[in-house]
Participant: 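Just dropping this structure here.
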Protein chains: 2
Amino acid sequence: MEDVARHAGVALGTVSHVLNHPHKVAPATLERVRRSIDALGFVPDRRARALAAGTSNVIGFVVVDLSNSFFLDMARGAEQEAQRHGLNVLLANSDVQPEKELVYMHLFDEEHVAGILLAPLPTNADDVLRAGRWRRDVVVLNTVPGDPDSCAVTADNEIGGYLAARHLIDTGRRHLAFVGGPFTLSPVSDRHRGVERAVAESNGAVRLTTIKTSNVQAADGRKAGRQLAALPADGRPDGIVAAADLVAVGVVQAFLADGGPRVPDDVSVIGYDNNRAAWDSEIPLSTLAQPGEEMGREATRLLIEEIRHPAHHEHQRVHLEPTLIIRQSSTR
Amino acid sequence: MEDVARHAGVALGTVSHVLNHPHKVAPATLERVRRSIDALGFVPDRRARALAAGTSNVIGFVVVDLSNSFFLDMARGAEQEAQRHGLNVLLANSDVQPEKELVYMHLFDEEHVAGILLAPLPTNADDVLRAGRWRRDVVVLNTVPGDPDSCAVTADNEIGGYLAARHLIDTGRRHLAFVGGPFTLSPVSDRHRGVERAVAESNGAVRLTTIKTSNVQAADGRKAGRQLAALPADGRPDGIVAAADLVAVGVVQAFLADGGPRVPDDVSVIGYDNNRAAWDSEIPLSTLAQPGEEMGREATRLLIEEIRHPAHHEHQRVHLEPTLIIRQSSTR
DNA sequence: CTGAAAGCGCTAACAA
DNA sequence: TTGTTAGCGCTTTCAG
């Protein structure tokens, strides 16, 4: 920068002004300095700038599992919102490892980023938040921390379950089955609870069977699907709510195989997550799209608000609703 | 840090020494300073440190498409290798947008990271590399830039195609079909070339049919699969090499449906990429696993070597081979 | 082994 | 409007 100043025949501070407050510089000088900047190929050092000004324009996002498109959507949303405010988002993949969550939190903290978005391992959230006395503002995604000391943005899984069941009931299904597990995963149990609520609203007109699986993979769905297919046609559920798309795909695969019930004629199937799997299924799968991008945007909005107006900022808990996507598997 | 110095009754420089060269400090002082650090909850400022020392310990990784697990594997590999050297990896998702590639390159450049890993849009690679006179070392992944001015690490798709075809031929298949497209994508055409080479080696004992698809999605595979299934059994290929797992999944789905050939009894199918899709397919799919992690590790190794020993560093082009994974779809 | 002081590249008062 | 100067928080000579 000193070189630029010399080259343009101005003082150091003037160059800085050209960079940060161009309107406060005489047009002629401005032009001259800018030419020198180009001529010398000068590129400002963000670290020095951040150090001197005490501000940063990067937001750090610690993500538990980037291989899950739900989280990548959050990242996209965060970027969109950040960009609107002239901020950048840098991602750190903690890869489902609690220690890495901490490592990256520390990294961003010590790096003095403007703020931190944290999508943690739900079981690890409180530990991480307590572990450091973080000097940065942090907004938590996808889980509600015990401490009310930060904003949190989550997806409402109960409503998702409700919407799924509601959709099947509205299209005439009267015997639903919920397939998924383990119930220790709160998204699974929340979705199940939503299904129960929809069923309860029918005042006995709709039955619910619950098939617990050990996981939410395609194989679990196939196993459950075979069980269901083996049932006599009149005692068989006519609407399946799967806890995840992969499970739904498995169920459909099982039904397709050994002369099982036809989808969607005999039975409707709906998944959850709007994964690729839902798209790529032979029978395109109805599903609930998680509000990932929206969550990312909202979390970033809250974070920026907190950064900009620390004084009158109230921590919030925002629950965003998933969107019902109707495809062939539940259309008759 | 000044507080720490005061609290411990030492000079500023001594605290710095405790942090950076502990062995050069008297055990007693060391202990005392460390206690003060804990007591005051002092956390060093990385920006200041980087600015003063002129070094950073973060590597920036600009990734074209994090939703593709291939690239996420690279990120994992990069992290592993970086960690071995006490470095951290921060990710920037350019999301298939050329402009964002540039934005993030600039960000990392101005942030004075230790070095940059770039997995670009292949068609955009040269533009990006030329766009800035980047002051950081950069290693390119997944494409070979025209300029020989940086290291590059790629996956060898030709060998992958060869290995796939070779495997089918070795297990007795004599009429192969390559399914995929568009051929303007070099991974597709490279894989095809590999298949051709394996077929050529058979000196006429093996036939090859090529079915070009407009894309590499499941739907494309299903369409091709239906075409193949409609062929008379004796004129039908008995080994399918798909350009991607999704395509292979589609082919299998089509075969499964209308009394088509049985997989793997009548026909072997092999995919490419080792996606979830390969796993979750009803008939587990043989495939070629991309050397993603290895690429990430190797690229990072080269980058660190370049950073540490700029003098005697020679730019390299490394081609890594995919790994054949045999599952049910090609086992008889 | 410890302390003092210069400086990394920049910003932001404050003066001129 | 432009120049001067004092830091931002740390590292690193260089004396003591």
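In this text, all values refer to a predicted model and were calculated from it rather than measured experimentally. Below, chains carry the letters A, B, ... as their sequence lines are ordered, and counting in each starts from 1.
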Participant: For A:His21, which contact category applies under a 4.0 Å heavy-atom criterion: base, sugar-phosphate, or nothing?
Facilitator: sugar-phosphate
Participant: Rounded to the Å, how far apart are A:Glu111 CD and D:dC10 C1'?
Facilitator: 14 Å
Participant: Please list all pairs meeting salt bridge (charged side-chain N to carboxylate O under 4.0 Å, His left out) that have one or both residues in residues 51-60 of chain A, counting only residues at least two apart or in different chains.
Facilitator: none
Participant: Within a strict 4.5 Å, meaning less than it, do heavy atoms of the A:Thr300 and A:Arg84 side chains meet?
Facilitator: no
Participant: What is the separation between atom CG on B:Asn57 and atom C1' on D:dC10, rounded to the nearest whole Å?
Facilitator: 14 Å
Participant: Side chain to side chain contact (heavy atoms under 4.5 Å, CB included) with A:Ile304: which of A:Arg308, A:Glu306, A:Arg301?
Facilitator: A:Arg308
Participant: Could you tell me if B:Asn124 and B:Glu101 have a donor-acceptor pair between their side chains, going purely by distance under 3.5 Å?
Facilitator: yes
Participant: When every nucleotide of nucleotides 3-10 of chain C is labelled 5' to 3' by its protein contacts under 4.0 Å (heavy atoms), B for base, S for sugar-phosphate only, - for none, what sequence of letters results?
Facilitator: SS--BBBB
Participant: Please work out if B:Val15 contacts a base, only the sugar-phosphate, or nothing of the nucleic acid, heavy-atom cut-off 4.0 Å.
Facilitator: nothing
Participant: To the nearest Å, give me how far apart CG (B:Leu30) and P (C:dC1) are.
Facilitator: 11 Å
Participant: Would you indicate whether the side-chain heavy atoms of A:Glu298 and A:Glu294 approach each other to under 4.5 Å?
Facilitator: no
Participant: Write down the distance between NZ (B:Lys24) and P (D:dC14), rounded to a whole number of angstrom.
Facilitator: 13 Å
Participant: Output the distance between atom CE (A:Met74) and atom CG (A:Leu91), rounded to the nearest 0.5 Å.
Facilitator: 11.5 Å
